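The model shown is predicted, which means the values in this text are computed figures rather than measured ones. Protein chains get the first letters and strands the later ones, always in sequence-line order, with residue 1 at the start of each.
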2 protein chains.
Amino acid sequence: MIADMSIDFQERADNLIRQTGERATSGRIRVLAMLLAEQRPVSHQEIEERLRGKSRLNRVTLYRILDWLNDKCLVHRIVSDDRVWRFRANNDLRTHRHAHFKCTRCTRVMCLDDMKAEYDRPLPAGYRPLEVELTVKGLCAECV
Amino acid sequence: MIADMSIDFQERADNLIRQTGERATSGRIRVLAMLLAEQRPVSHQEIEERLRGKSRLNRVTLYRILDWLNDKCLVHRIVSDDRVWRFRANNDLRTHRHAHFKCTRCTRVMCLDDMKAEYDRPLPAGYRPLEVELTVKGLCAECV
DNA sequence: GCTATCATTGCAACCAAGTTGCATTTACTA
DNA sequence: TAGTAAATGCAACTTGGTTGCAATGATAGC
């Protein structure tokens with residue numbers, strides 16, 4: 001079962017990457033498959049550890065793969081006050097206009113998929129909004 | 001006029017720091033006075049440049065002073081996706097439960113004082129919120 | 001006002017996350 | 001199946017921030 005699932009993610013990743021019209025390299029596929037399987041925001045460091053064992057990806061290459069996946073909207077990037085980026089697969093097209101929760105004890109970040117990142121008051125005159133980030137910080141259920 | 005104002009900020013900074021009951025050092029006073037005069041979020045680097053000329057503060061000391069001012073709630077710290085902290089004086093006690101705007105072109109950050117950082121949906125069961133961060137990103141009036 | 005004391009400062013060295021330039025390898029195209 | 005541009009790996013670098021420790025300085029007690 002587990003094995004089947006992993007093959008499935010591999011295949012989905014491969015398809016998604018090919019749909020961009022650019023090269024489907026093994027690195028890109030492995031990283032995206034892993035993120036598809038996780039379904040939560042994962043840091044560069046965690047990904048590196050997770051991928052260890054199999055032919056290891058270079059650190060720089062991993063940064064570049066994550067950038068690329070982000071450019072192609074296959075993943076989204078979440079920033080947090082620990083100055084670390086986390087990445088999460090965009091499984092469908094209702095992408096990332098949602099809020100995030102950051103646990104200040106275990107440092108994990110989760111997507112609050114059904115809480116929209118929005119604001120209600122007008123911006124100062126002349127300002128053009130492009131993106132909104134809403135992060136709730138506190139303790140998650142396991143750390144509380 | 002300008003000179004008077006600067007003396008005024010110096011004095012206000014001095015008072016605020018003494019009210020904490022801890023030591024009123026020249027570094028703390030200079031940094032807080034500068035922030036009181038600015039009334040906008042300023043990065044460590046900017047502060048360092050601004051304070052250049054007068055007897056220069058050590059880089060590490062400045063980090064420590066900013067941490068200290070933050071601990072004492074005399075300033076608040078704003079995080080942003082460029083992994084740079086910015087600091088703004090808390091002029092009164094209606095402190096920092098407000099949103100921020102980050103210009104993606106000039107990289108400046110401003111406080112949206114009358115936009116509250118809040119959320120409307122419930123968190124997952126067992127989660128305890130402690131703080132909320134809301135950042136609107138886009139182009140400011142000067143960069144649009 | 002002077003001195004002792006402990007917090008604060010400065011220095012040097014360090015760390016972690018992320019980036020750049022360039023030579024090598026690899027996925028795709030013809 | 002070979003040629004080619006794109007992707008990768010490596011080494012070195014940058015930026016923002018931190019740590020340990022010795023030197024300095026603000027304040028309390030006299």
Polar side chain donor-acceptor pair, Thr135(B) to Lys102(B), under 3.5 angstrom: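 The criterion, which ignores hydrogens and geometry beyond distance, is not satisfied for Lys102(B) and Thr135(B).
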
Shortest non-hydrogen contact from Leu139(A) toward Cys103(A):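 That closest heavy-atom pairing would be CA-SG, 3.9 Å.
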
Note: Asp67(A)-Arg77(A) ion pair, threshold 4.0 Å (strictly below):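 Salt bridge flag = yes for Arg77(A) with Asp67(A).
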
Salt-bridge contact Lys72(A)-Glu22(A) (side-chain N to carboxylate O under 4.0 Å):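 Counted as a salt bridge, because a side-chain N and a carboxylate O are separated by less than 4.0 Å.
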
Fellow cluster residues of Val60(B), listed by chain then number, with links counted only when side-chain atoms sit under 4.5 Å apart: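 Answer for Val60(B): none, a lone residue.
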
Output the rounded distance in Å from [atom1] ([X]) to [atom2] ([N]).
| X | N | atom1 | atom2 | value |
| --- | --- | --- | --- | --- |
| Trp85(A) | dT15(D) | CH2 | P | 15 Å |
| Asp81(B) | dT15(D) | CG | P | 18 Å |
| Ile78(B) | dG16(D) | CD1 | C1' | 17 Å |
| Arg83(B) | dG16(D) | CZ | P | 8 Å |

Where protein sits on nucleotides 4-13 of chain D, one letter per nucleotide: B base, S sugar-phosphate only, - none, heavy atoms under 4.0 Å: -BBSBBBB--

Within the 6.0 Å centroid threshold, strictly below: Tyr63(B) and His44(B):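 Between His44(B) and Tyr63(B), which both carry aromatic rings, the centre distance is below 6.0 Å.
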
Contact check, side chains of Arg97(B) and Glu118(B), non-hydrogen atoms, under 4.5 Å: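 Side-chain contact under 4.5 Å: no.
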
Ser43(A) and Trp85(A), any side-chain heavy atoms less than 4.5 Å apart: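 SC-SC contact between Trp85(A) and Ser43(A) ruled out.
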
Range on DNA chain C touched by chain B, heavy atoms, distance below 4.0 Å: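 Contact boundaries, 5' end first: dC6(C) to dG18(C).
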
Most 5' of Gly21(B) and Tyr63(B) on DNA chain D, judged by nearest nucleotide: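 In this pair, the answer is Tyr63(B).
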
